[in-house]
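In what follows, chains are A, B, ... by sequence order, proteins preceding strands, each numbered from 1.
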Amino acid sequence: MCVRVQTTSPQETLALGRVIGARLPQGTVVGLDGPLGAGKTWMAKGLVQGIGTFDPTLVKSPAYNLIHEYQVDSLTCTVYHIDFYRLDRLSLPDRLLFSEVLDRPDAICLIEWAGKFLGDLVPAYLSITVSKTERPDARVIHVRAAGDSPTYESLLRDLHHDVLAPY
Amino acid sequence: MVILGIDTTCDDTSAGIVANGSQVLANVISSQYAAHEAFGGIVPMIAAREHTRQIGHIIRAAMQEAQVTFSDLDAVAVSNNQGLLLSLVVGVSAAKSIALACGIPLVGIHHLEGHIYSVLMAHEEVLRFPFLCLTVAGGHTLLLRVEDHGVYSLLGHTRDDAAGEAFDKVARRLGLGYPGGAAIEKLAKQGNAAAYAFPRPMITRSNLDFSFSGLKTAVMNLLDSAETFRKEDVAASFQQAVADVLVTKTLRAAKSEGLARIALAGGVAVNGLLRSQLTTEAAKRGCQVYLPAPSLCMDNGAMVAGAGYYLLRHRGADPLTIGVRANAPLGRLQVKYRHPAKYRSA
Amino acid sequence: MFSLLIDTSGPYSTVAVAQDAVVSGMSAILGRPAEKVHSQIKATLRATGIALSSLDSVTIVTGPGSWTGLNIGVTAAKTLAQVLRVDVLPISSLDALVAGRTWRYSRLCAVLSAGRGRVYRAWYDTDRGGTAQSGHHDAEVLTAEALEAELAQADGSALLIEYGKTVGSTLKYCSGIVQVLRLSPEAMIAAAAHALPLGPEEAITLTPAYMQASLAERDAKR
């Protein structure tokens, strides 16, 4: 199952991220894909705003540091914002590094360029792909459950039913 | 006073040794030792997970270069705030072991403080407080008002991509090497900076924050389009747009803060266009620009040692139980956040 | 002979000091090795009246276990050794789980969580006196199902020893199970007796030891 959503402005894309973020339970892993400039980090800002109270200007590209941690105020959980952009391969120490973060049951993880390696690290995740269109501000967003997991299939169905259908 | 400084905030493992706060006796950075046989040959671009393997070698190499032994060290400083947690903990653990075994004080510094001190180390006689500091690097772009040792006000920061990241992403998309900044600067020399009118994001807004993802996107859109282009022109125009934004905002801050001294720090501070444009434009407004030595611009241990020298005196030593924070905004230290709305446009 | 022993692989950060293989003092703190382990070392040495300069070796658990914890501990240990110019004795957490005491089972299965329902696992036979035989030749990463199958095959002769919380409580078939939250200094001393000492030069490149996923697991992925 894949849900296709269209947005016409950056604000709408951010709002979409918020409504999805608000529905993510602790332990959720979200993969963000799309070409450079599509708006993966922008979507991450929306997601974090939906998850809880956190200054969105502090949600920045983790391309350099690889992993950013945000202590979101309204939850006793940490949001880990990860970026695989700079990784050409996943060595065993890399695997151990990321697994320690991705396996935390009380965290929510957002991974940009997920398509590169996330499938090697977790059995399933919520995949959000942002694509550009001919109109510069408009985006097409595909949401699906990657991997084989009833939990994520069910999360996707709930999202579709509760928040995505109107788009 | 001889201080060992260790920096393992992200990719590079580095140790530097500095005497009396500014005399660099050694500065060893792992990426520059990539081909060293001790590390088994070429180190891949992402070396962040090699810190544990490399730290002992790097420390020893620094001490050999400085011709000192452990008993010659008076203190050890280490970056313990801002970076990748797994990388940071390695440097901090090594620093604590040295402090414990040698019986010398330990100083933890925020990684960005290290960059600020890279400038102070080069100009300690003349750079007086307060001054403005623009720090542009791979993971950071921020404007700070430096009031005193260890006392900073954050005036503005990037809301999405750091300037260095924008350079790396554009460079990669153009098929250039890593690090992207150097590659783009080289290519730009044969290009026309006026060929493309890339956006200068947020340049007219009165606040002092930065945003480079829009500029990055504009470059990507051009490269994705059917238009033919010269890489040299794209590089030159992109570099010009980044420089324009950084210089304009910095001088706007200097004016609103009433500061005539401007420091430039971070990995992007080696960029020739940025250095010259900032210096020229600042001089027109009666401001003086202070640059660090090029070898102290990228992440390195010597700047940490320099910072440690001053902060040991002004903040005192830290206990062995000092923690490690991966994503500490400078606001958690002696920094007061300023509300952007207070600023008038230049 | 004075030795310093450090473990940051499991839930506790444990430091001990021993003289001629007898424990003189120890400190164990739940979690936070990045902050605590060095002050634990300092405090334990002071409490036992042993000077850093008297140390002859540093024993360090190099894995498996918490990746962050291991990097902190290995770096702490080998840097100390680099300054003091003493030997480093690397030991495995699984070896240390079964060392230093006698057991009533003929076979021991030591496990430690590898995340997502998998474990690092090593088997040991005990001799007639109940002491685990040193060394493990088949330490691997397994799923809980695979572990369960192995234990079923052992048919009541094996004791499962968990380091920290792992899949033990979810297993349906398990003849005996023991959960250990921290390694005892005696266990670390016993494991160190079989360790290959590294001189300070060799120890300089020491890194945490980790295990490859078992061949079966890798094949299953293809």
Between side-chain atoms of residues 195-203 of chain C and protein atoms elsewhere (two or more places apart, or another chain), which donor-acceptor pairs fall under 3.5 Å?
unit_1 : atom_1 : unit_2 : atom_2 : d
C:E201 : OE1    : B:R60  : NH1    : 2.4
C:E201 : OE2    : B:R60  : NH1    : 3.1
C:E202 : OE2    : C:G199 : N      : 3.0

Separation between OG of B:S97 and CD1 of C:I72, rounded to the nearest 0.5 Å: 11.5 Å
Inter-residue atom distance C:N71.CG - B:L88.CG, 0.5 Å rounding: 12.5 Å
Step-by-step side-chain contact (heavy atoms from CB on, under 4.5 Å) determination, C:L52 to B:L100: CA-CA 9 Å; C:L52 262 170; B:L100 177 62; 3.9 Å; yes
With C:F2 via ring-ring contact (aromatic ring centres under 6.0 Å, His included) - residues at least two apart: none
Options B:I59, B:V89, B:T321, B:T69, ranked by heavy-atom pairs under 4.5 Å with chain C, top entry: B:T321
Region of B:I322 that comes under 4.5 Å of a non-hydrogen atom in chain C: backbone
Pick from B:L320, B:I98, B:T52 with the largest number of heavy-atom pairs that fall under 4.5 Å of chain C: B:T52
From B:R53 atom CZ to C:T205 atom OG1, the distance as rounded to the nearest 0.5 Å: 7.5 Å
Residue-level contacts of residues 31-49 of chain C with chain B, using a heavy-atom cutoff under 4.5 Å: C:A34, C:E35, C:H38, C:S39, C:I41, C:K42
Between B:A94, B:G91, B:G323, the one whose heavy-atom pairs under 4.5 Å with chain C are most numerous: B:A94
Residues of residues 76-89 of chain C within contact distance of chain B, non-hydrogen under 4.5 Å: C:A76, C:K78, C:T79, C:L80, C:Q82, C:V83, C:L84
